Amino acid sequence: MAGHSKWSQIKRTKAVVDAKRGAVFTRLGREIMVAARDGADPSGNFQLRTAISKAKAAGVPAANIERAIAKGSGQGGDGTQLEEVRYEGYGPAGMAVLVEALTDNRNRTAADLRLAFSKNGGNLGESGCVAYLFTHRSEVSIQATAADEERLLESLLELDADGYELLQDGSALVHGPFTSLEALQDGLHQQGWTVREWGHSWSALSSVEISDIDTARQCLKLLDALDGLDDVRSVSANLDFDQNLDLEAS
């Protein structure tokens with residue numbers, strides 16, 4: 001699965017459990033607030049539709065979604081004070097880590113990230129230190145299995161897509177240029193595919209493969225610590241594991 005690291009797969013599994021936590025509801029609410037700056041009507045604001053879709057998939061109550069839209073669109077609250085900030089750093093074994101945050105206090109967020117990195121065998125780096133190891137792309141998850149592969153290939157010939165990956169959960173991840181997310185999502189939907197999720201993702205251009213179980217545990221501990229911070233929106237890493245490692249036992 002070139003370009004789709006083991007950490008990406010683990011995050012998808014974790015999301016089912018994490019969605020039950022209030023912290024995740026808060027994070028998704030912030031995404032809605034930021035998206036709503038460009039308009040409170042989802043039909044005319046694709047970024048807002050994307051944020052609402054993610055929130056609904058995670059089980060965020062409708063009242064929370066409506067409140068976040070109101071705050072972000074200037075009808076109350078402090079949604080307009082949030083800004084998007086990107087941080088970069090290194091983890092154990094030279095793992096590259098890229099963190100996106102939504103924050104109303106850069107100093108606080110940077111301090112929290114620096115502490116999480118240092119306590120878990122990593123270092124917060126300078127802007128640009130690892131970004132070149134990733135590409136920012138569009139990703140659309142659809143319901144598909146190996147039996148659908150030929151039809152999927154035919155569909156992608158008509159869309160602005162760079163490729164796809166069949167995953168073990170009965171889905172396929174279709175990816176394309178960063179600017180093509182709306183057209184890609186809409187095109188797959190119009191062709192009859194069941195669209196599960198869509199969004200932008202930092203995909204690793206190359207991976208650091210870990211063959212030692214203790215190092216793998218340390219890497220995951222760092223990524224979990226970063227992912228658990230209130231201001232963090234997403235965590236990406238160029239991490240992969242030797243297929244012989246028993247991660248379930250870790």
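Numbering starts at 1 and runs along the sequence shown. As the structure is a computational prediction, the values presented were derived from the model and not from experiment.
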ask   = How are the rings of W202 and H136 set relative to one another: parallel (under 30°), tilted (30 to 60°) or perpendicular (over 60°)?
value = parallel
ask   = What residues form a side-chain hydrogen bond (donor to acceptor under 3.5 Å, both in side chains) with D160, not counting sequence neighbours?
value = S180
inquiry  = Is there a side-chain contact between H175 and E165 in this structure, where contact means two heavy atoms from C-beta onward sitting under 4.5 Å apart?
reply    = yes
request  = Give, for atom CG of D231 and atom CZ of R27, the distance between the pair rounded to the nearest 0.5 Å.
outcome  = 9.5 Å
message = Keeping T109 on the side-chain end and N105 on the backbone end, is there a donor-acceptor pair under 3.5 Å?
response = yes
message = Check whether S155 reaches the backbone of R151 with its side chain - one donor and one acceptor, N or O, closer than 3.5 Å.
response = yes
task = Flag yes if more than 12 heavy atoms outside D230 fall under 6.0 Å of its CG atom; otherwise flag no.
result = no
inquiry  = So, applying side chain to side chain contact (heavy atoms under 4.5 Å, CB included) with L239, which one of I210, V97, L222, V208 is it?
reply    = I210
message = Distance alone, cut at 3.5 Å: any donor-acceptor contact between the side chains of Y87 and E100?
response = no
query = Are any side-chain N or O atoms of D104 and backbone N or O atoms of Q81, one a donor and one an acceptor, separated by less than 3.5 Å?
reply = no
request  = Check step by step if side-chain contact (heavy atoms from CB on, under 4.5 Å) holds for I142 and L152.
outcome  = CA-CA 10 Å; I142 62 173; L152 178 57; 3.8 Å; yes
query = Would a 4.5 Å heavy-atom cut-off, applied to side chains only, mark Q185 and V195 as touching?
reply = yes
Backbone of G176 reached by a side-chain donor or acceptor of R137 within 3.5 Å = no
key: Donor-acceptor side-chain pairing of S171 and Q143 below 3.5 angstrom   = no
query = Do the non-hydrogen side-chain atoms of R106 and V85 ever get within less than 4.5 Å of each other?
reply = yes
query = Does a side chain donor of either W198 or S138 reach within less than 3.5 Å of an acceptor in the other side chain?
reply = no
key: Polar side-chain atom of E88 near backbone of V130 as donor-acceptor pair, under 3.5 Å   = yes
inquiry  = Looking at R49 and P42, would you say the former's side chain and the latter's main chain have a donor-acceptor pair under 3.5 Å?
reply    = yes
ask   = Looking only at atom types and distance, does a side-chain atom of D186 sit under 3.5 Å from a main-chain N or O of A183, one as donor and one as acceptor?
value = no
remark   = Interatomic distance, SG@C129 vs CG@L124, rounded to 0.5 Å, equals 8.0 Å
query = For E209, does its backbone N or O pair with a side-chain atom of D240 as donor and acceptor, under 3.5 Å?
reply = no
Expected output: side-chain N120 to main-chain A116 donor-acceptor under 3.5 Å = yes
query = Taking the six-membered ring where the residue is Trp, are the ring centres of H200 and F178 under 6.0 Å apart?
reply = yes
